[in-house]
Amino acid sequence: MPPSPAPYAPAYAEAELTAPDESYEFDLRAGEVVPAETSSWYLAWSGSAFVPPDDADAFVAAGYVLSPADCERGLATEPVTDLPFEDLADERPFCERGPEGREIAIVRLVGAEAEEGPVTVVLSRYTRTG
């Protein structure tokens with residue numbers, strides 16, 4: 001029997017953020033938009049896809065509901081490295097696990113303008129309590 005997923009506590013929930021262009025990224029720990037390359041755990045974007053850090057894991061939900069436990073299961077069985085906007089249409093959620101493995105951000109793409117236009121997401125961050 002596989003071990004049960006670790007419990008997580010919410011750090012912030014449903015923070016709606018807009019990055020005006022690719023010179024900004026989403027700081028997942030702080031739940032803020034910051035200048036590119038200034039955050040240790042971030043979600044950047046280029047063209048029509050998100051670009052997670054090399055030391056982070058990502059998973060895209062099959063449906064429209066995603067919990068930290070779902071993320072842990074998905075990261076263990078179906079991790080992804082590509083996050084094209086077309087795969088995240090209609091606010092299909094995905095998650096990114098932080099580099100230390102103790103934090104998970106659940107992200108929904110709300111809107112993306114033309115390739116260089118603004119990108120809006122809704123973020124929730126959870127921290128492992130166990």
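Only this structure's heavy atoms are used, side chains among them; waters, hydrogens and symmetry mates stay out.
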Atom [atom1] in [X], atom [atom2] in [Y]: separation rounded to 0.5 Å?
X   : Y    : atom1 : atom2 : result
L28 : Y42  : CG    : OH    : 10.0 Å
R97 : R102 : CZ    : CZ    : 12.0 Å
D21 : E113 : CG    : CD    : 12.5 Å

Single-linkage hydrophobic cluster [X]~[Y], side-chain heavy atoms < 4.5 angstrom:
X    : Y    : result
V119 : V33  : yes
Y8   : I106 : yes
V121 : W41  : yes
V51  : V34  : no
L17  : Y12  : yes

Note, [X] side chain near [Y] side chain (heavy atom, < 4.5 Å):
X   : Y    : result
L83 : P52  : yes
F59 : E78  : yes
P10 : Y126 : yes
L43 : E25  : no
C95 : L66  : yes

Search all heavy atoms of [X] against all heavy atoms of [Y] and return the closest pair with its distance.
X    : Y    : result
L109 : A112 : CD1-CB, 4.4 Å
P93  : G63  : CD-O, 3.5 Å
P99  : S40  : CG-O, 4.4 Å
V65  : A61  : O-CB, 4.2 Å
G47  : E22  : N-OE2, 2.8 Å

Are any side-chain N or O atoms of [X] and backbone N or O atoms of [Y], one a donor and one an acceptor, separated by less than 3.5 Å?
X    : Y    : answer
S124 : E14  : yes
T77  : R73  : yes
R92  : D87  : yes
R125 : I104 : no
E32  : F26  : no

inquiry  = What verdict does the salt bridge (charged side-chain N to carboxylate O under 4.0 Å, His left out) test give for E103 and R29, after you've listed the backbone C-alpha separation in whole Å, the side-chain angles of each residue and the deciding distance to 0.1 Å?
reply    = CA-CA 8 Å; E103 297 175 289; R29 188 161 288 122; 2.7 Å; yes
Residues, nucleotides or ligands: over 12 heavy atoms within 6.0 Å of Y24 OH = no
query = Taking it one step at a time, do Y64 and E91 satisfy side-chain contact (heavy atoms from CB on, under 4.5 Å)?
reply = CA-CA 7 Å; Y64 293 95; E91 299 188 28; 5.7 Å; no
inquiry  = Would you call the rings of F85 and F50 parallel, tilted or perpendicular, taking 30° and 60° as the class edges?
reply    = perpendicular
task = Carefully, step by step, assess E16 and R108 under the rule salt bridge (charged side-chain N to carboxylate O under 4.0 Å, His left out).
result = CA-CA 9 Å; E16 185 168 321; R108 285 185 293 120; over 6 Å; no
